[in-house]
Each structure stands twice: as C-alpha cells, then as structure tokens.
Amino acid sequence: KVLSAIFSDMREAHVERVETALRIGYTEGEGIPQLMQRVREAGKVNARGAETIARTAVTHISTEVAQETYARNADLVAQVEWVSVLDSRTTDVCRARDGKRYDLDDGPRPPAHPRCRSTTSPVLADFPPPKRETYNGWLRRQSAEVQDEILGVTRGRLFQSGGLTVEQFVAKDGSSLTIAQLRAMFPDLFKRAGV
C-alpha cells in the first residue's frame, strides 16, 4: 500500500523496472546505497526519491519474510509485536503502535509510511515475552524540552500534565489527531494541562 502510493507518480514502465531492480538487489544482499543506485537508474528518480523507495521496500520485504516465518511457525508464535525505534524521528503512527500486539493474521504491519523504520517481533506461545521499553515509556523518561520537541508544545503539555499517552494522539486509522480533535475529545485534560 505504501509503495503503491510512492509508485503512483511514476510511469508504469519505470515502476516495473524499479520493482525488478529492487528484487535483484535484495536477493543479492545489497545495502541501501546499492539499492538506491539501482532505483535511480531504473526509475529515473532523484536521490531522495530513490532512498525513500529503497528504504521502504527493504522494510516491506523484511516484514513479508518475517510474516511468512511466523505463519510457518504458528504452533510457536502466538502473536506479533510492533517494534518502533525509540528516538525523536519516529512518526506519530509508529509511536502509537510500538509495543502493540496483533494476531498472526490480523493487525497492521510495517511499513506504516514511506521510510518507516519499524519492524515486528514474534511473541512466543509458551514463553513470556521479554520486557522491553515502549515508545511511551521511553518518552516519559525524557525531559520536558525533549517531549515538547518531539510532540510539539501543546501535545507535550498534554503528555506531561494532562495524562495522555502517545497512543491517544493517533486515530484508529493511524492518522495523527489535530489539536482541535484532541480538544473536543479531552476538554478536561486541556484545562488541567493549562493549554
């Protein structure tokens, strides 16, 4: 879905050449720089576009391989956990999904957007999952300044004193909620946060 949106602006002949280039490069074990070069040559796209396509495709292919592995080991794998990168560049949707668990044949999978860096991890049936820090917990440990930088000042205040979690800043479809939408949903929390 994400790659389709990226490819929608390309001519059909270029899309086919890019898909072939990505398959060859991935099969050959090439890294992002080599894949980018293949995409640039095949699709007549600029460096930034080639990098976006290469990174998104690698995430997509890796997720598909992992999903197939989980399916073939369904007797061992009970669920799939979304794993996001814990840093300031992580998107709203990936922050909200971090640590969420989904059935093997249900739920979203990376890439959630172009250049998505998220991945999945199996939750084994007979073993307790290892404890790991989610994005929400990681962000709680950061300073108010870092929280404001990542979330924006209003969302930062709601997170700090209003009691909202990173999950609550995102709609069920993965889109970011606007400040107006959040205000309509949580008017008391806005008052408590002083925003």
Side-chain angles (χ1 to χ4, degrees), residues 1-10 32 45-64 66-67 79-103 105-121 123 132-195:
K1 212 169 167 185
V2 174
L3 283 171
S4 296
I6 294 170
F7 289 154
S8 67
D9 291 337
M10 294 176 71
I32 297 296
V45 296
N46 63 30
R48 176 109 172 122
E51 183 178 6
T52 297
I53 291 169
R55 289 189 183 283
T56 306
V58 166
T59 300
H60 170 71
I61 294 167
S62 298
T63 297
E64 289 298 312
Q67 191 63 28
Q79 290 184 305
V80 176
E81 183 174 342
W82 187 286
V83 179
S84 297
V85 177
L86 305 180
D87 70 13
S88 63
R89 296 184 317 151
T90 303
T91 61
D92 290 349
V93 66
C94 289
R95 287 182 212 140
R97 290 180 180 168
D98 187 43
K100 298 284 185 246
R101 295 191 180 144
Y102 304 99
D103 291 335
D105 58 354
D106 189 37
R109 299 291 190 270
H113 51 81
R115 294 176 170 255
C116 185
R117 300 175 296 148
S118 295
T119 187
T120 60
S121 179
V123 177
R132 80 170 187 85
E133 187 170 42
T134 63
Y135 198 94
N136 198 70
W138 175 82
L139 190 57
R140 288 252 178 245
R141 290 190 306 100
Q142 306 308 306
S143 68
E145 292 79 24
V146 170
Q147 293 171 355
D148 287 350
E149 179 185 324
I150 291 171
L151 299 173
V153 174
T154 302
R155 284 184 180 84
R157 296 255 166 75
L158 290 168
F159 184 76
Q160 294 151 17
S161 59
L164 291 183
T165 64
V166 292
E167 296 89 356
Q168 292 172 298
F169 295 127
V170 177
K172 289 185 192 290
D173 67 0
S175 62
S176 299
L177 295 170
T178 66
I179 298 299
Q181 289 170 317
L182 289 168
R183 188 179 304 278
M185 293 169 66
F186 306 107
D188 293 341
L189 295 180
F190 270 77
K191 287 178 190 167
R192 184 174 7 158
V195 290

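Numbers here simply count residues along the sequence, with the first being 1. Bear in mind the structure is a predicted one, so any value in this text is a computation, not a measurement.
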Requested in this report: Just do the side chain to side chain contact (heavy atoms under 4.5 Å, CB included) check on D98 and R132 with the steps written out, would you?
Outcome: CA-CA 10 Å; D98 187 43; R132 80 170 187 85; 2.6 Å; yes
Query raised in the report: Looking only at atom types and distance, does a side-chain atom of R95 sit under 3.5 Å from a main-chain N or O of T90, one as donor and one as acceptor?
Result: yes
**Report entry** Sidechain-backbone polar pair: S118 side chain, P110 backbone, donor-acceptor under 3.5 Å
**Finding:** no
Query raised in the report: Side chains of R155 and I179: closer than 4.5 Å at any heavy-atom pair?
Result: yes
Report task. Working to the nearest 0.5 Å, report the span between OG1 of T165 and CG of L158. Result -> 11.0 Å
Requested in this report: Working to the nearest 0.5 Å, report the span between CZ of R141 and CD of Q147.
Outcome: 11.0 Å
Query raised in the report: For the side chain of T120 and the backbone of V80, is there at least one donor-acceptor N/O pair under 3.5 Å apart?
Result: no
Report task. Identify whether the distance between the nearest side-chain nitrogen and carboxylate oxygen of R109 and E64 falls below 4.0 Å. Result -> no
Report task. Kindly say whether T52 contributes a backbone atom to a donor-acceptor pair with the side chain of T56 at under 3.5 angstrom? Result -> yes
**Report entry** Side-chain (Y135) to main-chain (D87) donor-acceptor, under 3.5 angstrom
**Finding:** yes
Query - Euclidean distance, R117 CZ relative to R55 CZ, rounded to 0.5 Å - result: 9.5 Å
Report task. Return yes if some donor-acceptor pair links the side-chain N/O of S84 with the main-chain N/O of C94 below 3.5 Å, else return no. Result -> yes
Query raised in the report: Hey, does the side chain of D92 reach the backbone of S176 with a donor-acceptor pair shorter than 3.5 angstrom?
Result: no
Report summary line: Interatomic distance, CG@D103 vs CZ@R101, rounded to 0.5 Å, equals 12.0 Å
Report task. Begin from the C-alpha positions of E167 and K100 and carry the test side chain to side chain contact (heavy atoms under 4.5 Å, CB included) through to its verdict. Result -> CA-CA 10 Å; E167 296 89 356; K100 298 284 185 246; 3.3 Å; yes
Query raised in the report: F159 ring centre to R140 NZ or CZ under 6.0 Å, with the angle to the axis within 45°?
Result: yes
Requested in this report: Measure across Y102 and G107 and return the closest heavy-atom pair with its distance rounded to 0.1 Å.
Outcome: CD2-CA, 3.6 Å
Query - Side-chain heavy-atom pair L177, F169 within 4.5 angstrom cut-off - result: no
Query - Between CD1 on residue I53 and CD1 on residue I32, distance to nearest 0.5 Å - result: 12.0 Å
Query raised in the report: Can you name the closest pair of heavy atoms from V166 and L139 and give their distance?
Result: CG1-CD2, 3.7 Å
Query - Interatomic spacing from CG in L164 to CG in L189 - rounded to 0.5 Å - result: 5.0 Å
Report task. Mind listing the closest non-hydrogen atom pair of L86 and E133 along with its distance? Result -> CD1-O, 3.8 Å
Report task. Evaluate the criterion side-chain hydrogen bond (donor to acceptor under 3.5 Å, both in side chains) for residue pair D173 and S175; output intermediate values, then yes/no. Result -> CA-CA 6 Å; D173 67 0; S175 62; 2.6 Å; yes
Query raised in the report: Heavy-atom distance under 4.5 Å between the side chains of E149 and Q142, does that happen here?
Result: no
**Report entry** Other residues, nucleotides, ligands: >12 heavy atoms within 6.0 Å of R48 CZ
**Finding:** no
